[in-house]
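To find a chain, count down the sequence lines: A is the first, B the second, and so on, and within it residues start at 1. Basis for what follows: all heavy atoms, side chains included, without hydrogens, waters or symmetry-related copies.
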Number of protein chains: 2
Amino acid sequence: MGSTKLTGDGKRQITSFFVPGDIPDLHGMHLSVLDCTFSSLARASLGFMRHDAMRAICDRHASIAAIFWRSTLIDAAIYREWVTNVGRRDAYTRMAHILCELIVRLHSMGIIKDHVANLPVTQAALADALGLSTVHVNRVLQELRRNGLIFTEGTRFHAVDWAGLVRAGDFDATYLHQRTATTF
Amino acid sequence: MGSTKLTGDGKRQITSFFVPGDIPDLHGMHLSVLDCTFSSLARASLGFMRHDAMRAICDRHASIAAIFWRSTLIDAAIYREWVTNVGRRDAYTRMAHILCELIVRLHSMGIIKDHVANLPVTQAALADALGLSTVHVNRVLQELRRNGLIFTEGTRFHAVDWAGLVRAGDFDATYLHQRTATTF
DNA sequence: CGGAATTTTGATGTCATTCAATGTGTGTGG
DNA sequence: CCACACACATTGAATGACATCAAAATTCCG
């Protein structure tokens, strides 16, 4: 799952990926107009909750509101990092970085063992997330494989050399604001 | 004023500009660790408020909390647009777009007359916000001037052809989530 | 099994970077 | 009040990272 924006000339930018456990439209609670679209990149199961019900809960319980609020602030922090990633890092670094992010986020949801993740994300989706062409995404992935950093097989993704991938991706998980440090 | 991130190899990315009236560190209220730095791009005057005081207010008054929350959600929406801008628009469009955003935001604070704004922003800062080199920023600005879209004189900035700039920048103000439509 | 989606490859083009000067304005100290 | 820095803007030439185009190979899935 991800959120997507389209430019006037029809180019697509994926502005975020959602991992299991995320609440995609939490931002919609206080924003009456949608400024991006949600789409699933693979089979997904969703739960729904009415905005007014959510608002009622938040009105009544400030501590719960704070938790949801915090969640959206982390989303914002991730956006900041993406701006930086797309704006100032070259394609190779950029790719390594986003892979690190996905691994860490999936790991913190407990759906990864030994850095092996199920990533049902096409190269076209990666391209639209990173502001690259699919062709270049393909080449960069090959280079990451050649350098022994990653291994892929279908949708299975393995960070063979995690430390190396982190280094290659100029990755520092601080911006994900996890309470429990992710130790691999 | 803006928030800034640095990459491992020392490149700078400005992740947001603040206009008068913004609350830069609202995100810090529920995020214990800072993931970006704030810096002033020009002379600025600031007000300060303790986080715990803010939190106390928000705990007591859900409606005020909602307003602050909404403010951070708009920040997030702007980040989304910036990701799109940097990821999928070419330099010329990108520049026109960010200029539109600044004009609209300044206008909504009532500090613009006739599209003439005081923009104390160096070309280097624009470059770091747009993920471009200063040299290219300079050339793109010249092109915008040549096309009769903008006029600059020192820090004074004039959107000579607002409609044209909006078109050139593929700009749609929806993502700024203003309650009162900005009509020029 | 068959067709569509995805990945991969090669050749070529271009937008933007980098490097290296030069020009211009502005504030500071003598 | 001028000279001198220093920051900022501008210019040209050469290079490079990534895009685009087009086709082939592979995988996926009903």
- Query: So how far is it from Leu31(A) CG to Thr174(B) OG1, rounded to the nearest 0.5 Å?
  - Reply: 11.0 Å
- To the nearest Å, how far apart are Leu132(B) CG and dC15(C) P? 14 Å
- Applying ring pair (Phe, Tyr, Trp, His ring centres under 6.0 Å), name anything that partners Phe38(B), two or more places apart in sequence or on another chain. Phe18(B)
- Query: Does Arg50(A) have any side chain to side chain donor-acceptor pair (under 3.5 Å) partners at least two apart in sequence or in another chain, and if so, which?
  - Reply: Asp52(A)
- Nucleotide range of DNA chain D contacted by chain B, 5' to 3', under 4.0 Å to a heavy atom? dC8(D) to dA13(D)
- Produce a footprint string for nucleotides 3-11 of chain C: one letter per nucleotide, 5' end first; B if the base is under 4.0 Å from any protein heavy atom, S if only the sugar-phosphate is, - if neither. ---SSBBBB
- Could you identify which residues of residues 6-19 of chain B place a heavy atom less than 4.0 Å from some atom of DNA chain C, listed by residue number, or say none? none
- Message: Give the residues of residues 85-94 of chain B touching DNA chain C, defined as any heavy atom closer than 4.0 Å, sorted by residue number.
- Response: Asp90(B), Ala91(B)
- Item | Those residues that, when tested against Arg146(A), pass side-chain contact (heavy atoms from CB on, under 4.5 Å) (two or more places apart) | Gln142(A), Glu143(A)
- Look at all strands and tell whether Gly154(A) reaches a base, only sugar-phosphate, or nothing, counting heavy atoms closer than 4.0 Å. sugar-phosphate
- Query: Among Ile14(B), Thr37(B), Asp35(B), which one satisfies side chain to side chain contact (heavy atoms under 4.5 Å, CB included) with Lys5(B)?
  - Reply: Asp35(B)
- Set of residues satisfying side chain to side chain donor-acceptor pair (under 3.5 Å) with respect to Ser133(B), sequence neighbours excluded: none
- Provide the full list of ring pair (Phe, Tyr, Trp, His ring centres under 6.0 Å) pairs with a residue in residues 118-137 of chain A, sequence neighbours left out, each pair given once. none
- Task: List in chain and number order the residues that pass side chain to side chain donor-acceptor pair (under 3.5 Å) with Thr7(A), two or more places apart in sequence or in another chain; answer none if no residue qualifies.
- Result: Asp9(A)
- Given axes from five pairs at either end, by how many degrees does the helix from dC1(C)-dG30(D) to dA21(C)-dT10(D) bend, rounded to 10°? 50°
- Message: Parallel, tilted or perpendicular: which one describes the rings of Phe151(B) and His158(B), with boundaries at 30° and 60°?
- Response: perpendicular
- Separation between CZ (Phe68(B)) and CH2 (Trp69(A)), nearest 0.5 Å, reads 7.0 Å
- Quick one: pull up CG in Leu119(B) and CZ in Phe17(B) and give me the separation to the nearest 0.5 Å. 9.0 Å
- Message: So, using side-chain contact (heavy atoms from CB on, under 4.5 Å) as the criterion, who are the partners of Arg167(A) when residues are at least two apart?
- Response: Ala163(A)
- Using whole Å, report how far CG of Leu126(B) lies from P of dT17(C). 13 Å
- Query: Are Phe171(B) and Leu165(B) side-chain neighbours, meaning at least one heavy-atom pair lies under 4.5 Å?
  - Reply: no
- Ring centre gap for Tyr175(A) and His97(A) strictly below 6.0 Å: yes
- Query: Roughly how far, to the nearest 0.5 Å, is the CE atom of Met95(A) from the CD1 atom of Ile150(A)?
  - Reply: 7.5 Å
